[in-house]
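Reminder, nothing fancy here: chain letters follow the sequence lines and each chain counts from 1.
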Protein chains: 2
Amino acid sequence: MNLTVSEENYIKAIFHLQQAEGNVSTNQLAASLHTKPASVTDMLKKLTHKSLLEYEPYQGVRLGKEGKKQALSIVRKHRLWEFFLVDKLQFGWDEVHDVAEELEHISSKKLVDKLDAYLGFPKFDPHGDPIPDSNGIMATIRQFNLIDVKPKVVVEVCSVGSQSAELLELLRHKNIGIGTELQIIRKFEFDHSVEISVKNKPTITISQQLAQALFVKLV
Amino acid sequence: MNLTVSEENYIKAIFHLQQAEGNVSTNQLAASLHTKPASVTDMLKKLTHKSLLEYEPYQGVRLGKEGKKQALSIVRKHRLWEFFLVDKLQFGWDEVHDVAEELEHISSKKLVDKLDAYLGFPKFDPHGDPIPDSNGIMATIRQFNLIDVKPKVVVEVCSVGSQSAELLELLRHKNIGIGTELQIIRKFEFDHSVEISVKNKPTITISQQLAQALFVKLV
DNA sequence: AATTATTTTTAGGTAAATCTAAATAATTTA
DNA sequence: TAAATTATTTAGATTTACCTAAAAATAATT
Ligand SMILES: [Mn+2]
Ligand SMILES: [Mn+2]
Ligand SMILES: [Mn+2]
Ligand SMILES: [Mn+2]
């Protein structure tokens, strides 16, 4: 099954939009891929013909078994390359996404598996997202949205809700990253902002939007 | 100047075919790129329009200043990635060419320069070919074709004439690689085969074709 | 020099991935 | 439930990188 770069990008986008179960809509895909709904319809037909998708006109789409397998392979490559860029080449975690977006399409399976070994079989990428192993299996950790955590509970940031440059810039400014330990001091009803305390630092206040973009685990 | 993968492959092919001076023919390019002469003509027009080439219909083509710069950047990426694959990921030197053929098209300049630094600014790739630095400058060593070397002179293999799997397989079998020290014992007129002695090993005979594919330097 | 062979270009077409505009289906609102 | 709105698909074009077949230019042979 040889896929073009475009086909791979569609498969990956469906994978990411298709949380839990439920179908992904044409418009969602068009927005996520910065393309037009008409183009999406064309591609969905093609990928369905290749037995990668389950698609009914007007009813949205979901990945089939083979599509899921392909998606995991692309995600694996994306996250391994991100890890490589940060761990070996000293990129910042906020700079790696676009480069990985290209590297994920390099096709050699041998390359990916050797890279994995060279990196020491990492389980999470620099954004805290789990890296599928060569069988497509990835670690799952109980993670919570920071906005839902009770005050006083000590937690550690383990992933972020998006890879947007804006979010990562803000986190860098506030000195928050994957692995940062913190606890909620109090929540403000008015704007749902949250006062937090990062280990050994003065407390700071973060917006509702930022708290919703942070995922944490218990320490 | 943003080039497509196809455009980059043409630029690189012209660079490699354009030894010293003299123009590259349409047919040469078609053979080298596994495409048809008619397709080459189309692409030459496009790249000329982009001011990368100097091209006169029926007179062949050569790289212009900007084309040369682009070519060196692609060659730099190709050879750095080959070095990475062999030095860090333990690929064999005969396995890296096809993967590098894909990796060379990753566009991030920052990635290439960081990779270069991470690898310790290597001067030669695993096949003995020089790696251009970030300004496009590459080391030149006096190298000779083995077929032209006089008997008794001790030389060291420093590059190979092609990256073909067949050649590399044969070299692996004969235990000859970059860095191998050897000397010519005698040459046979009949078939131009050459008897050589590799340090501490029984002498072996290699064919004219193989001797022509080996480039060496004085030690 | 004339003929033949080779090389290169032109003409016209295809497949992939996109687009805009128009038509149709599904959903929401009044 | 009928009308209005929104989502999706269809129809018809465009661009890129190829292709084959035919024409034209160049090179090699008699
Ligand atoms: Mn991508
Ligand atoms: Mn990531
Ligand atoms: Mn290439
Ligand atoms: Mn090489």
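Per the geometry, CG belonging to Asn2(A) stands 14 Å off P belonging to dA16(C), to the nearest Å. If you take CG of Leu29(B) and P of dT9(C), they are 10 Å apart, rounded to a whole angstrom. The distance between atom CG of Asn23(B) and atom P of dT26(D), rounded to the nearest whole Å, is 14 Å. Put simply, CG on Asn9(B) is 14 Å from C1' on dC18(D), counting in whole angstrom units. Distance NE2 (His34(B)) to P (dC18(D)): 13 Å, rounded to an integer number of Å. Residue Gln28(A) contributes atom CD, which lies 11 Å from atom P of dA7(D) at whole-angstrom precision. Leu3(A) places its CG atom 13 Å from the P atom of dA16(C), with the value rounded to the nearest Å. Whole-Å rounding puts the Glu56(B) CD to dT8(C) P distance at 14 Å.
Listed candidates were dT8(D), dT10(C), dC19(D). Nearest to the side chain of Lys45(B) is dT10(C). Distance from the side chain of Ala38(B) is smallest for dT10(C) among the nucleotides dT10(C), dA21(C), dT26(D). With distances taken from any side-chain atom of Pro57(A) to the nucleotides dT9(D), dT18(C), dC19(D), the minimum falls on dT9(D). Nearest nucleotide to the Tyr58(B) side chain, out of dT8(D), dT18(C), dT9(C): dT9(C). Relative to the side chain of Thr35(A), the nucleotides dT8(D), dT10(C), dC19(C) differ in distance, and dC19(C) lies closest. The side chain of Tyr10(B) lies closest to dC18(D), out of dC19(D), dC18(D), dA24(D).
At least one side-chain nitrogen or oxygen of Asn27(A) sits closer than 4.0 Å to the OP1 or OP2 atom of dT8(D). Contact between the side-chain N/O atoms of Tyr55(A) and the OP1/OP2 oxygens of dT9(D) is found at a separation under 4.0 Å.
Taking the six-membered ring for Trp and thresholds of 30 and 60 degrees, His97(B) and His127(B) have ring planes more than 60 degrees apart, a perpendicular arrangement. Taking the six-membered ring where tryptophan is involved, the planes of Trp81(A) and Phe84(B) are tilted, since the angle between them lies from 30° to 60°.
Each of Val157(A), Asp94(A), Val160(A) was evaluated against Leu171(A); a single residue qualifies, Val160(A), per the side-chain contact (heavy atoms from CB on, under 4.5 Å) test.
Nucleic acid contact for Ser39(A): base, since at least one base atom lies under 4.0 Å from a heavy atom of the residue. Among the protein residues, Pro37(B) comes within range of the nucleic acid bases, having at least one heavy atom under 4.0 Å from a base atom. Counting non-hydrogen atoms under 4.0 angstrom, Thr26(B) reaches the backbone sugars and phosphates but no base. Heavy atoms of Ser6(A) sit under 4.0 angstrom from primed sugar atoms or phosphate atoms, though from no base atom.
Heavy-atom distances to DNA chain C give each of Asp42(A) and Gln59(A) a nearest nucleotide, and the one nearer the 5′ end belongs to Asp42(A).
Checked against the 6.0 Å centroid threshold, Phe15(B) and Tyr10(B) do not count as a close aromatic pair.
Both distances falling under 3.5 Å, in either a Watson-Crick or a G-U wobble arrangement, place dT29(D) opposite dA2(C).
In this structure, Lys88(B) forms no cation-pi arrangement with Phe83(B), as its terminal cationic atom is not both closer than 6.0 Å to the ring centre and no more than 45° off the ring axis.
In terms of modelled atom types and a separation under 3.5 Å, the side chain of Glu195(A) and the main chain of Ile184(A) share no donor-acceptor contact.
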